[in-house]
Structure formats: C-alpha cells, structure tokens
Amino acid sequence: MLTTLKRIVQEVNQIPVLDDALSCLAKRLIEALKVDSCSIYLADYDQQHFLLSATQGLASEAVGAVSIGFSEGLIGLIGQREEPLNISDAPSHPRFKHYPEVQEDRYHAFLGAPIIHQRKVLGVLTLQQQKKRRFSEDEEAFLVTLAMQLAVEISNAQARGSITSLTENVPKDWQKSLRGVPGSSGLASGLGYIQNIMVSIHNHVHGRCEDPEHEVYIYRLAVKQTQQDMTELSAKMKGQLPDDVSAIFQLYHHLLDANSLGREVEVKISEGWDAPTSLKMVVENYIRQFQAMHDPYMRERAVDVEDMGNRVLANILGLNTSESAQREPPNKAILIAEEVTAAMLAEFPSEKLQGIVSIRGSSNSHAAIMARAMGIPAVMGVSNVPMNLLSGKEILLDGYTGDVIVSPDVTIRQEFEQLVVEEQLLSDKIHAQDDLPAVTKDDCRLSLLVNAGLSIEAENNIHPASDGVGLFRTEIPFMMRQRFPTEQEQADLYRQLLEAEPSKSFTMRTLDVGGDKPLPYFPISEENPFLGWRGIRLTLDHPEILLVQIRAMLRASFGLQNLKIMLPMVTSVSEVSEAKRLIRQAFYELEEEALAQGQTLLMPKIGVMLEVPAVIYQLPQLSKIVDFFSVGSNDLTQYLLAVDRNNPRVSGLYDSYHPAVLSALSTIAKHAGLLQVPITVCGELAGEPGGVVLLLAMGYRNLSMNSHNLLRVKWVVRNITQSESEQLLAKVLTLNNPQDVREEVNIYLESSGLGGLVRAGI
C-alpha cells in the first residue's frame with residue numbers, strides 16, 4: 001500500500017493544473033483499489049457548498065455543475081463531522097440525498113474521507129462500489145492517508161490562485177487576496193520587490209500563453225543566449241578543469257540541442273503553456289529521470305540539468321544574476337523575501353521601504369520583531385505562494401490583519417487609502433502627548449524603556465521620551481560581520497551608546513545567538529535549535545567569546561554609571577554563578593587599566609532574563625545573586641506553550657494572552673515584589689495596548705518595548721486607571737482561552753476611549 005501511495009502522490013504532484021491532477025488521482029485510485037467510482041469534492045466557503053471537481057465513475061458532465069450544501073447529504077455529513085464515513089449501503093443511510101445529475105443510482109458501498117488542512121475542511125474524497133459491502137480497514141486507512149497528502153497540494157494550489165472556474169477565463173492581472181500572520185502593525189502600499197532575486201525552475205509559477213509562436217521565439221532566443229554563455233564559460237575554464245568536469249559542458253550543449261530538450265519544450269508550448277512553464281515541465285522531468293538512475297555519477301547529473309534549466313529560465317525572463325543583484329528597488333517598495341534577515345534590512349534603502357511580506361516566519365519571529373522595531377508594516381507566513389507571483393505587482397499590505405492584496409481594483413484601493421488617512425489621524429493624536437509623563441489617571445507612574453539593537457541605524461537614536469534602554473540586543477554587530485568582532489570594535493560601539501545619554505540606564509544583553517539568529521561564520525546545525533545550544537549555554541561553553549564581550553562592555557563604561565548586564569536563556573542558578581565569575585574576572589583585569597586612565601570602573605548591576613519556565617521556580621535562589629529580573633515574554637510564551645513561534649503550522653497556538661502565560665507572568669511579578677527585586681518586561685507584550693493594561697495590573701512598573709510603540713503605550717497609560725486594570729485582570733484570569741481574554745481587553749479599551757487602538761493593538 002505504501003508503494004502505491006507514493007507512486008500516486010508523485011504522479012499527481014507532477015501535474016501543474018489542479019483540475020487535471022484531481023482527474024488523474026481519481027483514475028489512479030480506481031485502478032489501485034479496484035473500485036467502481038472515485039470522486040473529489042472541493043469546498044467553496046463563499047457559496048457554502050462542496051463542488052464536484054473530479055470523478056471517475058459518476059457522470060462527467062456533472063463535474064463543475066453539481067454542488068452539495070455543507071449540511072446536505074453524505075458529503076456534507078463528512079465535512080461536518082470531519083471524519084471518514086464507511087457504509088455498506090449508501091441509499092439506505094438517513095443522510096443520503098439523491099442527485100440525479102451524478103448518476104450514482106447503481107452504487108451502494110460508500111467510503112468518504114475529509115480533506116483537511118490546518119483545521120479547515122478543503123473537500124471530500126470518496127470511493128463507491130456497486131455491490132453492498134463495507135470497505136476494509138486498510139482501504140479506509142489508505143484513503144485517509146491520501147486525503148491528508150492531497151490537502152497540502154490543494155492548499156498550495158489555492159494559495160497560488162491555481163483553482164480557476166471551469167467555465168470562466170481568469171484575467172491575467174486579476175486581484176488576489178492572500179492571508180498571512182500580522183507581523184508588524186501598519187498599512188503600506190507599493191510594488192512588490194525581491195532583493196537579489198534567485199531564478200529557480202522549481203519555484204516558477206505555471207502560466208498559459210495566447211501566442212505560442214511568440215513563446216517559441218523567446219524560448220529559442222534564450223537557448224541561443226545560454227549556449228553562448230556556456231561556450232564562453234567553457235573557454236574561460238579551459239585548462240583549469242579535469243576532463244570529466246569539462247564534459248559537463250558537453251552535457252549542457254547536448255540538452256540544449258533542438259533535437260533534445262528543445263523539441264519537447266516546443267511541444268509543451270503548442271499545448272498552450274508559456275515558455276517558462278514548458279521549460280519547467282520538461283526540465284523537471286529530466287531531473288527525475290537522472291535522479292532515478294542507479295549509477296551514482298549519472299544521478300549527480302540531475303544537479304547539472306537543474307542548473308542548465310535555471311540558466312535558460314533566467315534568459316527567458318530577461319534576468320541576469322549579476323544584474324538582478326544590482327536592481328534598484330522602486331521608490332515605494334514592498335520587500336518580498338523567503339525570510340527577512342537583519343542583513344537584508346540593513347542593506348535596503350530605508351527611504352524606499354514601505355512594507356515587508358515574508359513567505360516564512362510568524363508574528364514573533366526575529367524578522368517580525370525587527371520590522372516592529374523599525375516601524376515597518378509586515379505580514380509573515382504567507383506560505384505556499386511563490387515569490388515571483390508578487391514581484392512587480394501593486395500590493396496593499398495590512399499589518400494589523402495579515403491581509404495582502406495583489407493587483408487591487410479601484411474600489412479596494414480607495415478604501416485602503418481611507419484607512420491610511422484614519423491611521424495618520426490617530427498617530428497625530430498620540431504624538432500630541434509626547435512630552436507628558438507615563439502616569440495613569442489615578443497617579444500610578446510607569447517607567448517606559450526601549451528595546452534596541454535590531455538595526456544599525458536605530459542604535460544611535462534611542463527614543464528621547466524613554467527612560468532608558470531596557471534591552472540592547474548585542475547580536476547585530478556579530479551577525480553583520482564575517483568573523484567575531486574584536487574587543488576594541490565592540491568597546492567602541494558600546495561606548496558610543498552609553499555616552500549618548502549617560503543619565504539613563506542602559507541594559508546590555510550578552511550574546512544571544514542560536515535558534516532563529518545564526519552567525520554566518522559560526523553555523524549551528526541542530527534538530528531543535530530553540531531547545532538547543534543558544535544564549536548563555538553557548539557563551540559559557542565558549543568563555544573566550546563571553547570574556548571578550550564583557551571586557552568590551554566594561555571598558556566602554558569607564559567613568560560612567562549607566563551600564564547593566566543581562567544574561568539570556570538562563571535555566572539554572574549555576575549558570576548565573578559561572579557567568580558572574582567570568583564577569584568578576586574581567587572586572588578585576590580592567591580595574592587597573594581604568595585607574596591608569598584616570599577613570600573609575602564600577603561593577604555593573606547583573607540581571608537575568610526570565611524566559612525558560614524553570615526559572616519561575618528558582619526566583620528566591622536567583623534573587624540572592626542578581627540585581628534585577630527581566631521577563632522575556634516572547635520566549636517565555638514559546639516555552640510555556642511548547643510552540644515554535646517560527647513554525648506557521650503551529651504559530652496560531654502561540655499567544656501571550658493564553659491563561660497559562662498570564663498566570664505565569666502574574667506569579668513572577670508577585671514573587672519579584674516579595675523578594676524586592678526590580679523587574680522589567682522586555683518582550684513584545686509590553687508594547688501592546690492590551691498587554692500594558694494587564695502588566696500594570698500584575699504589578700509591573702518597568703516596561704521595555706520597541707521605540708515605535710513607546711508613545712502609543714504612553715497614551716494608553718495616560719488613559720487608564722490602575723484600579724480598573726486590576727479588576728480586568730481578576731476577570732481574565734478566570735477565563736479559559738485567549739480569545740475570551742482578548743475580547744474582554746478590547747471591551748475595556750473601548751470603554752476607556754482607546755477604541756482606535758483595538759484594531760492596531762491586540
């Protein structure tokens with residue numbers, strides 16, 4: 001059964017048009033399982049029905065014409081129950097509904113399985129047989145397994161817009177709505193732009209053509225250019241490569257010959273596919289043939305075939321790798337990336353960057369946090385959408401809801417522009433209170449700090465309205481180099497930061513790499529990086545890295561008193577003790593140097609980040625050896641809920657408003673108060689309107705956030721009372737799910753005159 005399943009899935013995956021793929025699937029299932037009929041129904045949530053989309057055994061004219069309501073018949077029952085249905089005589093079932101158009105009167109045995117992707121029913125897959133019998137457990141298990149794999153393909157096709165009406169022609173530049181995860185609040189519009197675009201046969205989106213002759217012409221032109229490129233490359237490398245490697249160029253020329261690959265590509269074009277798609281189909285077929293060969297050398301040639309295909313595709317599209325890297329972004333650019341990196345944002349001209357669409361990532365991935373720190377609207381996790389589908393297209397991006405509109409019509413564009421106007425009015429209202437203190441209406445004062453270090457430009461522009469820096473991430477100087485920065489390089493940067501506002505505290509976190517923050521020159525390959533070698537674990541294993549960084553921090557603080565040092569990813573008291581030993585070692589080494597320069601060197605306050613749940617139960621012990629606590633609510637939420645916040649499959653489970661997370665935060669605040677240890681929250685929750693209200697009620701008085709949110713948080717604080725927030729907290733701590741918590745918080749924000757932030761807040 002497993003071999004049969006793999007064979008069917010592989011064949012179906014190779015068919016570019018979903019309707020054709022489903023028809024092939026129905027045919028192959030009949031052959032493999034020896035049944036009389038197989039049908040696939042796809043869900044249409046706009047019309048609230050399942051549409052018969054493919055069949056072998058029922059009336060072919062019913063495909064695309066017969067729809068079954070979500071609450072009707074056996075198909076509707078499967079969708080409602082979200083489980084398989086196996087019955088020996090379908091017509092006798094009380095939910096059976098007769099549809100004359102499908103001509104199923106002769107069938108009795110019925111087996112159906114729901115097609116589900118990420119909790120959403122996408123359709124129903126059915127088998128039918130004329131005789132009365134119950135399908136076997138093996139057959140049922142086979143169908144369920146196949147339905148699970150089919151769900152991924154249907155979801156991908158829907159994301160790409162591949163499902164088209166069987167009776168309508170879709171315009172080339174039709175409006176497309178995509179949905180991702182809100183990454184950074186705000187609204188943005190501009191042209192999709194892919195930085196350093198990489199041409200890939202596998203990622204290219206299938207397309208049809210209206211002028212086959214023109215497609216053949218541009219294909220042949222691209223082949224000639226590729227042949228010329230290969231001739232020049234071969235001549236350039238002559239005498240530098242052994243004969244067996246040079247022979248690869250001959251393989252390229254052979255495949256590019258009109259009697260080889262060329263003829264097959266032109267046949268595909270004659271079938272109505274455009275040149276890039278025809279090339280993709282033929283090249284991927286060659287790749288599979290080479291990969292299936294027994295000879296290891298020949299199997300390796302699949303890589304060469306793919307490279308050759310990419311070169312031809314680049315010439316078809318008029319792209320050159322060196323040229324594409326130098327392309328100027330449009331004045332209003334929506335950056336499209338597989339995953340946004342710090343280096344990518346550092347290189348991008350900030351005056352042209354309007355928004356970000358990341359194919360991977362979630363609302364609390366490092367990329368999203370960077371976007372929020374820069375005040376750039378972002379949508380994350382727009383998965384299953386090839387990037388080149390968005391390149392060069394007009395895009396409207398809603399960082400509040402996660403909506404991405406491609407090629408919007410006039411009406412949608414006008415509505416979006418009105419939202420932009422409303423957002424600006426709210427921003428003006430918030431900025432009108434810039435100079436006022438963060439004090440609640442019943443005189444409870446909060447200290448608002450900023451998280452910094454995510455962008456080189458922002459490092460020297462700490463928000464003037466802040467009370468200092470609650471978290472400086474020291475990773476960026478490490479990530480932007482091709483080697484570890486020297487002690488002097490670090491000291492110069494840290495000195496510049498500490499001197500900027502010497503009267504305000506400045507908390508520097510020691511190097512926290514690993515997880516979703518790798519160093520290019522110190523790669524870490526792990527099965528589960530978020531539970532692996534990161535933070536204090538890594539730097540304690542490499543004291544030479546930690547000591548250099550601590551020495552740089554201390555040297556930068558000569559004559560100043562505002563440095564604090566914070567340790568990340570702490571799990572045990574022993575880790576803190578060992579880190580403090582190294583800090584003392586560095587301190588004693590530098591005391592003499594400071595005196596020689598006529599400077600004073602004070603031992604900075606040492607704190608720990610509370611982000612691993614284990615430390616919640618070690619607060620009394622930790623309080624004896626540290627000076628302050630800082631809650632990293634992002635990772636604390638991730639570890640409490642056992643959810644990888646970068647994984648789009650489960651990122652929906654990641655929620656800082658989860659009752660367990662709120663309970664943990666409340667417990668931490670209570671114990672810190674009893675232990676008389678200063679405590680700060682420096683995760684994203686501290687920058688959300690709803691989060692501020694709840695944290696205030698828990699007893700937190702120091703909140704650190706990205707500078708873009710600071711004035712908004714101050715506005716929230718000035719419009720609420722501590723007593724009302726405590727009443728709200730008491731109520732939400734009795735609730736059972738995050739949605740109910742959010743609803744209660746939204747109601748409170750509305751009643752406090754902060755309704756404008758409900759959309760932008762939580």
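For the numbers below, each heavy atom of this structure counts, side chains included, while hydrogens, waters and symmetry mates do not.
Heavy atoms from other residues, nucleotides or ligands lying under 6.0 Å from NZ of Lys504 number more than 12.
Looking only at side-chain heavy atoms (C-beta outward), Val379 and Asp403 stay at 4.5 Å or farther from each other. With contacts defined as side-chain heavy-atom distances shorter than 4.5 Å, the pair Phe629/Leu619 qualifies. At a threshold of 4.5 Å between non-hydrogen side-chain atoms, the residues Leu554 and Pro604 count as touching. A heavy-atom distance below 4.5 Å is found between the side chains of Val741 and Leu735. The shortest side-chain heavy-atom distance between Ile334 and Leu396 does not fall under the 4.5 Å cut-off.
A donor-acceptor contact shorter than 3.5 Å links the side chain of Ser184 to the backbone of Ile376. In this structure, Lys332 contributes its side chain and Ser189 its backbone to no donor-acceptor pair below 3.5 Å. A donor-acceptor contact shorter than 3.5 Å is absent between the side chain of Ser427 and the backbone of Glu423. Judged purely by atom type and a 3.5 angstrom limit, Tyr748 has no side-chain atom pairing as donor or acceptor with the backbone of Val693. For the pair Ser704 (side chain) and Val450 (backbone), a donor-acceptor distance under 3.5 Å is present. Looking only at distances, no side-chain donor or acceptor of Ser557 sits under 3.5 Å from a matching main-chain atom of Leu560. In terms of modelled atom types and a separation under 3.5 Å, the side chain of Glu575 and the main chain of Ser572 share a donor-acceptor contact. Of the possible donor and acceptor atoms, none in the side chain of Asn709 sits under 3.5 Å from a partner among the backbone N and O of Met705. Side-chain N or O atoms of Ser666 include none that pairs as donor or acceptor with a backbone N or O of Leu662 at under 3.5 Å. Listed for the Lys714 side chain is no donor-acceptor partner under 3.5 Å among the backbone atoms of Pro437.
The stretch residues 729-741 participates, sequence neighbours left out, in these side chain to side chain donor-acceptor pair (under 3.5 Å) pairs: Lys731-Glu744, Asn737-Asp740. Sorted pairs that involve residues 615-633 and meet salt bridge (charged side-chain N to carboxylate O under 4.0 Å, His left out), not counting sequence neighbours, are lacking altogether. Listed by first and then second residue, the salt bridge (charged side-chain N to carboxylate O under 4.0 Å, His left out) pairs involving residues 654-681 are Asp655-Arg742 (not counting sequence neighbours). Pairs engaging residues 440-449 under the side chain to side chain donor-acceptor pair (under 3.5 Å) rule: Thr440-Asp442, Ser447-Asp467 [sequence neighbours left out].
Distance check: Leu540 CG to Thr510 OG1 gives 8.5 Å after rounding to the nearest 0.5 Å. Taken to the nearest 0.5 Å, the CG atom of Leu531 stands 7.5 Å off from the CZ atom of Arg537. How far CG of Leu696 is from OG of Ser725: 4.0 Å, rounded to the nearest 0.5 Å.
Met553 and Thr474 make their closest contact through CE-CG2, 4.0 Å (heavy atoms, listed as atom of the first residue, atom of the second, distance).
Both the sub-6.0 Å distance and the 45° axial angle are not jointly satisfied by Lys564 relative to the ring of Phe506.
When the side-chain hydrogen bond (donor to acceptor under 3.5 Å, both in side chains) test is applied to Asn702, no partner is found at least two apart in sequence or on another chain. The side-chain hydrogen bond (donor to acceptor under 3.5 Å, both in side chains) test applied to Gln354 returns no partner, not counting sequence neighbours. For His658, the side chain to side chain contact (heavy atoms under 4.5 Å, CB included) partners two or more places apart in sequence, or in a different chain, are Leu641, Ala660, Val661, Pro738. By the side chain to side chain contact (heavy atoms under 4.5 Å, CB included) test, Val612 pairs with Met569, Thr571, Ala614, sequence neighbours left out. Residues passing the side-chain hydrogen bond (donor to acceptor under 3.5 Å, both in side chains) test with Asp635, sequence neighbours excluded: Arg534, Gln638, Arg645. By the side chain to side chain contact (heavy atoms under 4.5 Å, CB included) test, Gln621 is found to be paired with Val573, Gln618, residues two or more places apart in sequence or in another chain being considered. Looking at residues two or more places apart in sequence or on another chain, you find no side-chain hydrogen bond (donor to acceptor under 3.5 Å, both in side chains) involving Ser630. Evaluation of the side chain to side chain contact (heavy atoms under 4.5 Å, CB included) rule for Val681 yields Val631, Ser633, Ala686, Leu695, Tyr700, Leu703 as partners, not counting sequence neighbours.
The pair Glu475-Arg509 meets the salt-bridge criterion, with a side-chain N (NZ, NE, NH1 or NH2) lying under 4.0 Å from an Asp/Glu carboxylate O.
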Would you sort out whether Leu636 and Met609 count as a side-chain contact (heavy atoms from CB on, under 4.5 Å), showing the intermediate values? CA-CA 10 Å; Leu636 181 63; Met609 288 198 75; over 6 Å; no
